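What follows is a short report on a single structure.
Numbers here are sequence positions counted from 1. What you see is a predicted model; the values in this text were computed from it and never measured.
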Amino acid sequence: MVTTQTGALFLHPDRNLAMELVRATEAAAIRSAPFIGRGDKLAADGAAVDAMRKFLGTVNFSGLVVIGEGEKDNAPMLFNGEVVGNGQGPACDIAVDPIDGTSLTAAGRSHAISMIAVADRGSMLDASSVFYMDKLVAGHEGIGVLDIRQPIGENIRALAKAKGKPVDEMRVAVLDRPRHEGLIAEIREAGAGTRIILDGDVAAGINAARHDSRIDLAVGTGGSPEGVATACAVKALGGFIQGRLAPGSDAERERGAAAGLLFDHVYEADDLVRSDNTFFVATGVTDGELVRGVRRERGVITTESIVLRSRSGTIRRVIAEHQEEKWLS
């Protein structure tokens with residue numbers, strides 16, 4: 001909660017906050033665009049971080065970075081615990097990823113986004129002490145049907161029944177990692193198809209929760225911070241998410257336990273983000289199913305963003321045209 005200079009008291013993020021935040025994701029996407037396909041993910045990420053931080057400083061809020069860049073990627077800015085914004089307006093927890101998919105950007109591949117998730121102050125789970133989390137994400141049909149403790153085949157069949165689809169028409173998104181070889185085999189043995197993604201499991205989770213997506217389910221082990229950010233979006237979409245922490249060592253488990261995290265415990269959406277007023281904003285860096293990437297043509301830069309809010313249950317798409325000359329300096 002924040003008291004402004006005028007004495008007004010703000011308990012929650014207001015309705016206009018997301019439209020201010022989209023300027024920050026647009027800026028990060030635009031600044032990273034020159035590095036698409038250049039093979040230098042650190043340069044792309046650095047440009048995006050600098051741009052996002054600059055624009056966040058103008059936003060009317062007091063944002064505490066619960067999920068940031070520094071500890072994970074050795075990025076110079078937007079670290080966990082940093083406070084951003086102009087200090088006026090609502091007090092919020094924020095999760096930022098100036099580029100979710102730095103490797104995708106460097107290689108010129110699809111599905112890289114710039115994203116910010118926001119919720120009431122103190123409501124986001126700080127899972128930064130345990131890097132990985134097993135995740136299961138779907139649309140509203142998964143509520144009361146899916147359970148991360150069940151074999152993946154059972155979950156696929158249950159969700160297919162709830163959606164009224166044949167199992168062989170189900171598509172499951174999984175990160176392309178050696179740890180998922182067995183999981184991918186089980187999905188295919190169940191009769192479903194896979195959508196193997198190279199990076200960017202936030203976008204995959206959101207697509208699984210969308211009603212008009214070709215992805216029915218997102219599953220596998222990915223970043224714990226990304227799980228919390230995904231939960232903000234899934235709440236706005238009325239979808240389903242569960243997570244279960246997956247420490248990689250005894251030392252990591254001990255750090256997590258010291259931070260109050262629970263193991264052998266299923267984190268539901270309300271455990272990952274306790275607020276019922278979440279925002280999620282993403283702008284495309286490269287083309288993907290969620291949003292189109294940055295485009296330059298005849299002196300105009302075009303961006304596409306998606307803006308989600310859980311309290312109102314709204315999904316907005318923002319197509320913006322930016323005069324390129326304004327971004328040359």
Side-chain angles (χ1 to χ4, degrees), residues 1-6 8-32 45-73 75-100 113-128 202 223-236 272-283 305-312 314 316 318:
M1 136 177 97
V2 173
T3 303
T4 70
Q5 292 175 346
T6 61
L9 193 63
F10 293 85
L11 299 175
H12 304 287
D14 66 23
R15 72 179 69 181
N16 296 319
L17 181 59
M19 301 309 293
E20 290 192 61
L21 292 171
V22 78
R23 295 170 57 243
T25 57
E26 287 173 347
I30 289 170
R31 288 299 191 191
S32 64
D45 197 41
V49 169
D50 289 344
M52 179 174 283
R53 190 173 194 278
K54 178 180 178 180
F55 274 79
L56 283 176
T58 70
V59 176
N60 290 319
F61 79 145
S62 175
L64 176 66
V65 179
V66 175
I67 297 168
E69 281 277 284
E71 292 183 10
K72 185 181 72 172
D73 293 329
M77 298 289 186
L78 291 171
F79 52 86
N80 290 19
E82 184 175 358
V83 176
V84 296
N86 64 11
Q88 301 183 41
C92 307
D93 285 349
I94 69 170
V96 299
D97 199 341
I99 306 180
D100 181 34
I113 62 172
S114 174
M115 56 130 292
I116 300 172
V118 176
D120 298 323
R121 176 67 58 84
S123 63
M124 282 188 186
L125 178 71
D126 182 356
S128 58
V202 174
S224 299
E226 287 82 354
V228 177
T230 303
C232 288
V234 169
K235 280 195 160 191
L272 296 170
V273 185
R274 293 190 301 275
S275 173
D276 65 352
N277 189 32
T278 66
F279 294 85
F280 182 89
V281 180
T283 300
S305 306
I306 188 169
V307 178
L308 312 174
R309 189 187 185 194
S310 65
R311 176 162 291 174
S312 58
T314 52
R316 291 183 171 90
V318 179

Nearest heavy-atom neighbours spanning [X] and [Y]:
| X | Y | answer |
| --- | --- | --- |
| Ala28 | Pro98 | CB-O, 4.0 Å |
| Ser62 | Val83 | OG-CG1, 3.8 Å |
| Arg31 | Ala51 | CG-CB, 3.4 Å |
| Thr283 | Glu26 | OG1-N, 3.4 Å |
| Leu17 | Asn60 | CD1-O, 4.4 Å |
| Gly63 | Ile94 | CA-CG2, 4.3 Å |

Partner residues of [X] under the side-chain contact (heavy atoms from CB on, under 4.5 Å) criterion, sequence neighbours left out:
| X | answer |
| --- | --- |
| Ala282 | Ile113, Met115, Phe280, Ile306 |
| Ser310 | Lys235, Ala236, Thr278 |
| Thr58 | Arg23 |

Could you measure the distance from the [atom1] atom of [X] to the [atom2] atom of [Y]? Nearest 0.5 Å is fine.
| X | Y | atom1 | atom2 | result |
| --- | --- | --- | --- | --- |
| Asn277 | Cys232 | CG | SG | 10.5 Å |
| Ser275 | Arg121 | OG | CZ | 12.5 Å |
| Asp97 | Asp45 | CG | CG | 7.0 Å |
| Glu20 | Ile116 | CD | CD1 | 11.0 Å |
| Asp126 | Ile67 | CG | CD1 | 7.5 Å |
| Asp120 | Arg274 | CG | CZ | 10.0 Å |

- Message: Any non-hydrogen side-chain atom of Phe55 less than 4.5 Å from a side-chain atom of Leu21?
- Response: no
- Message: What I'd like to find out is whether the side chain of Arg316 reaches to under 4.5 Å of the side chain of Val22, using heavy atoms alone.
- Response: no
- Query: Just by modelled atom types, is the Val66 backbone N or O under 3.5 Å from a matching donor or acceptor in the Asp93 side chain?
  - Reply: no
[X]: which residues meet the side chain to side chain donor-acceptor pair (under 3.5 Å) condition with it, sequence neighbours left out?
| X | value |
| --- | --- |
| Thr230 | none |
| Ser32 | none |
| Ser224 | none |

- List the steps and the verdict of side chain to side chain contact (heavy atoms under 4.5 Å, CB included) for Val318 and Met19. CA-CA 9 Å; Val318 179; Met19 301 309 293; 3.9 Å; yes
